Amino acid sequence: MGSNSSRISDLPKNEYLKKLSGTQSVSENDPFWNQLLSFSFPAPTSSSELKLLEEATVSVCRSLVENNPRTGNLGALIKVFISRTKELKLSAECQNHIFIWQTHNALFIICCLLKVFICEMSEEELQLHFTYEEKSPGTYGCDSEDLLEELLCCLMQLITDVPLLDITYEISVEAVSTMVVFLSCQLFHKEVLRQSISHKYLMRGRCLPYTSKLVKTLLYNFIRQEKPPPPGAHVFPQQSDGGGLLYGLASGVATGLWTVFTLGGVGSKAAATPELSSPLANQSLLLLLVLANLTDAADAPNPYKQAIMSFKNTQDSSPFPSSIPHAFQINFNSLYTALCEQQTSDQATLLLYTLLHQNGNIRTYMLARTDMENLVLPILEILYHVEERNSHHVYMALIILLILTEDDGFNRSIHEVILKNITWYSERVLTEISLGSLLILVVIRTIQYNMTRTRDKYLHTNCLAALANMSAQFRSLHQYAAQRIISLFSLLSKKHNKVLEQATQSLRGSLSSSDVPLPDYAQDLNVIEEVIRMMLEIINSCLTNSLHHNPNLVYALLYKRDLFEQFRTHPSFQDIMQNIDLVITFFSSRLLQAGAELSVERVLEIIKQGVVALPKDRLKIHRTVMKKGSKSFPQENSQRRTNIFTPLHVL
């Protein structure tokens with residue numbers, strides 16, 4: 001490196017890097033550092049180029065690992081960076097491009113080295129490399145300042161205190177990315193780290209006071225979605241659209257951490273990497289999620305998680321309780337808008353889930369919004385394009401719906417929001433439909449996709465739980481939504497009959513051949529019957545609580561009434577079939593009295609008249625039990641509480 005532009009192929013032979021990693025100690029006051037840091041570097045634009053960079057620098061890094069205990073050059077480089085950051089804010093105000101450029105390059109080198117060090121050695125060895133000084137071989141200063149802690153504090157100060165200008169944008173991205181790389185230690189440990197260096201430095205000591213300010217800054221970076229400055233806005237060459245070399249390095253690390261925090265998504269497609277308009281916003285979001293998901297220390301809770309759980313709206317003037325640490329305020333309207341706009345990325349969906357699940361202030365605010373369609377529609381679009389999404393993105397979208405449908409007000413209001421021309425829904429032209437009916441259509445489509453492709457029992461359970469949460473509040477269901485509810489039941493009924501027939505044939509075959517092991521049809525039958533019962537619960541809940549609001553569902557029931565005949569006497573469904581059977585019998589009788597050859601309009605008219613005539617006390621409030629694993633959870637179906645099933649939070 002140095003004053004000339006560097007190429008990846010030249011790095012192993014670069015005289016400045018050789019000196020940095022060599023046997024000669026370099027004082028932090030040596031002019032060498034100005035020469036080393038005066039370079040411009042074309043950023044890799046692909047994973048193959050990133051791999052070439054790592055391969056090209058491996059000899060330099062190994063040499064530094066070997067010689068650093070004698071030279072302390074890593075510590076000297078870090079001290080040079082730290083001393084420069086103390087003047088960074090003033091340099092930004094004075095538009096000192098050269099100074100900021102060199103400081104950026106120092107951080108660039110530190111992060112590249114840090115990534116290799118974390119991959120190659122234990123945390124204990126890493127900490128020792130930050131303590132080595134220019135002494136006799138292998139010695140280090142026990143009483144010296146903790147350079148690693150100082151570096152982290154310096155990065156926090158850079159992120160939170162340095163104003164975001166065109167000339168500071170790149171170094172802000174690199175500071176956030178360096179923290180992501182630092183937190184990647186978990187990737188190289190099978191067990192959950194509870195006593196790692198991240199706990200030692202980020203959850204106590206000098207870094208702790210920056211907690212709320214850092215979380216707030218990262219959230220605002222996500223909200224603002226600041227784009228990189230245009231070419232020519234700074235001295236050092238404009239990086240490619242990826243946001244810089246370190247962005248590429250840290251993004252790869254964050255992808256691995258993301259997989260750890262979302263339990264993998266086994267068997268799912270890899271997430272497509274969208275074109276990023278704001279590298280700073282994306283990296284800030286990744287760092288925020290990593291910090292929020294750090295495990296609690298043995299003697300202290302995660303302060304970043306505490307900050308995320310407790311922040312309030314800027315319009316909320318009530319004082320924070322003294323028992324809530326790391327509290328701050330942020331503009332909820334801006335945050336809501338950003339969350340609505342960014343749901344194409346799974347990390348933004350994870351942030352939405354985290355806030356809804358953990359921050360009661362945010363959840364209350366969102367549920368009170370009168371424009372919930374702006375948030376719900378992107379979530380539905382994720383589920384609709386399930387085949388194009390990875391499994392953890394789909395699961396998070398579904399769990400967000402579960403959280404929302406726990407609220408009675410939400411379940412009522414979504415049927416009052418009328419949507420026009422949903423272009424991404426291709427199965428049928430929907431010129432006008434309520435948000436509630438569209439939600440039902442998308443969830444049912446997800447269930448049917450799961451039945452034919454992934455066959456994930458828990459996805460079934462969560463989808464049906466969302467419908468069950470809503471069922472008592474179904475209002476004015478679109479005729480297509482009502483048809484799809486009954487069509488799903490029809491599909492389940494056919495699968496039930498098929499498995500039952502297979503079980504019968506298998507049992508007959510076993511009588512003639514005792515050596516052939518029998519397939520476990522009993523388990524398959526049990527699963528299908530459990531899902532069928534959930535569907536019957538949903539239909540029953542709607543009929544019991546909002547029959548007069550849903551003539552289209554009654555019409556669909558009557559049109560396919562033969563489907564339910566076999567379940568009337570089935571021992572697993574007799575109790576739940578009582579209300580459904582009553583409704584079918586009552587309205588079938590009224591249609592017979594009206595004569596034959598009735599038009600659709602006339603049938604609907606008879607149904608509406610019959611709803612008024614049917615005594616409500618004849619429909620029994622049903623008490624049900626939903627099984628979740630090996631435990632049973634009694635639930636009540638009443639007009640006061642609509643959560644028939646306990647939502648299963650799988651994250």
Side-chain angles (χ1 to χ4, degrees), residues 20 27-29 33-34 36-37 68 72-93 96 99-115 117-118 123 126-127 129-133 141 144-165 167-185 196-218 221 244 246-247 249-250 253 280 283-284 287-288 290-291 303-304:
L20 172 67
S27 167
E28 57 192 273
N29 298 316
W33 298 110
N34 284 330
L36 173 70
L37 302 178
N68 188 57
N73 284 346
L74 176 64
L77 171 62
I78 291 172
K79 289 177 181 178
V80 168
F81 169 71
I82 290 173
S83 66
R84 284 174 170 269
T85 56
K86 294 175 181 177
E87 303 176 37
L88 199 58
K89 192 172 181 180
L90 179 61
S91 299
E93 294 172 355
N96 190 337
F99 186 88
I100 295 173
W101 171 43
Q102 291 183 334
T103 307
H104 167 275
N105 288 346
L107 183 56
F108 174 98
I109 297 174
I110 290 169
C111 189
C112 289
L113 294 173
L114 183 61
K115 183 175 185 290
F117 276 45
I118 289 174
E123 288 188 311
L126 177 65
Q127 286 180 284
H129 274 279
F130 276 80
T131 60
Y132 292 135
E133 297 177 351
S144 64
E145 61 187 1
D146 196 322
L147 198 59
L148 184 50
E149 183 178 28
E150 188 172 359
L151 173 62
L152 284 171
C153 287
C154 179
L155 291 173
M156 286 185 167
Q157 290 174 331
L158 196 161
I159 294 168
T160 58
D161 295 344
V162 174
L164 187 60
L165 308 171
I167 59 173
T168 61
Y169 187 94
E170 292 291 342
I171 196 170
S172 296
V173 174
E174 309 299 13
V176 174
S177 299
T178 304
M179 287 199 68
V180 173
V181 170
F182 170 74
L183 287 164
S184 66
C185 293
S196 67
I197 53 177
S198 60
H199 290 86
K200 179 179 178 181
Y201 296 116
L202 293 176
M203 296 193 183
R204 56 176 68 88
R206 294 168 56 190
C207 292
L208 189 60
Y210 293 98
T211 297
S212 58
K213 195 172 184 180
L214 177 63
V215 172
K216 183 176 182 178
T217 300
L218 295 175
N221 285 347
L246 285 195
Y247 168 74
L249 290 173
V253 171
L280 179 60
Q283 292 300 92
S284 295
L287 176 57
L288 181 65
V290 173
L291 290 170
Y304 305 94

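Quick caveat: nothing in here was measured; it's all calculated off a predicted structure.
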Evaluate the side-chain proximity of [Y] to [X]: yes if any heavy-atom separation is below 4.5 Å, no if none is.
X	Y	value
Phe182	Leu148	yes
Thr131	Leu147	no
Leu36	Ile109	yes
Leu114	Phe130	yes
Asn96	Glu87	no
Leu218	Leu291	yes

Just verifying a value: how many Å separate [X] [atom1] and [Y] [atom2], rounded to the nearest 0.5 Å?
X	Y	atom1	atom2	result
Leu113	Leu20	CG	CG	6.5 Å
Asn221	Gln283	CG	CD	11.0 Å
Tyr304	Leu208	OH	CG	7.0 Å
Leu77	Ile110	CG	CD1	4.5 Å
Tyr210	Leu155	OH	CG	11.5 Å
Leu107	Glu170	CG	CD	11.5 Å

Using every non-hydrogen atom in the two residues, find where [X] and [Y] come nearest and quote the distance to one decimal.
X	Y	value
Cys153	Cys207	SG-SG, 3.3 Å
Met156	Met179	CE-CE, 4.1 Å
Leu280	Tyr169	N-OH, 3.3 Å
Pro163	Thr168	O-OG1, 2.7 Å
Gln102	Arg84	OE1-NH2, 3.0 Å
Thr211	Pro303	CG2-O, 3.5 Å

message = Assess the residue pair Ile82 and Lys79 against the criterion (side chain to side chain contact (heavy atoms under 4.5 Å, CB included)); give the C-alpha distance rounded to whole Å, side-chain angles, the decisive distance to 0.1 Å, and a yes or no.
response = CA-CA 5 Å; Ile82 290 173; Lys79 289 177 181 178; 5.6 Å; no
query = With respect to Ile100, which candidate in Asn105, Val162, Leu165, Leu88 satisfies the side chain to side chain contact (heavy atoms under 4.5 Å, CB included) definition?
reply = Leu88
ask   = What residue among Ile171, Leu158, Ile159 forms side chain to side chain contact (heavy atoms under 4.5 Å, CB included) with Val176?
value = Ile159
Side chain to side chain donor-acceptor pair (under 3.5 Å) against [X], all qualifying residues, sequence neighbours excluded:
X	result
Ser172	none
Asn68	His129
Tyr201	Gln127, Asp146

task = Give the C-alpha distance, both sets of side-chain angles, the deciding distance and a yes or no for side chain to side chain contact (heavy atoms under 4.5 Å, CB included) between Gln157 and Lys86.
result = CA-CA 9 Å; Gln157 290 174 331; Lys86 294 175 181 177; over 6 Å; no
request  = Count the heavy atoms belonging to other residues, nucleotides or ligands that lie under 6.0 Å from NZ of Lys216, then report whether that count exceeds 12.
outcome  = yes
request  = Take Leu287 and Leu183, measure what side chain to side chain contact (heavy atoms under 4.5 Å, CB included) needs, and give me the verdict at the end.
outcome  = CA-CA 9 Å; Leu287 176 57; Leu183 287 164; 3.7 Å; yes
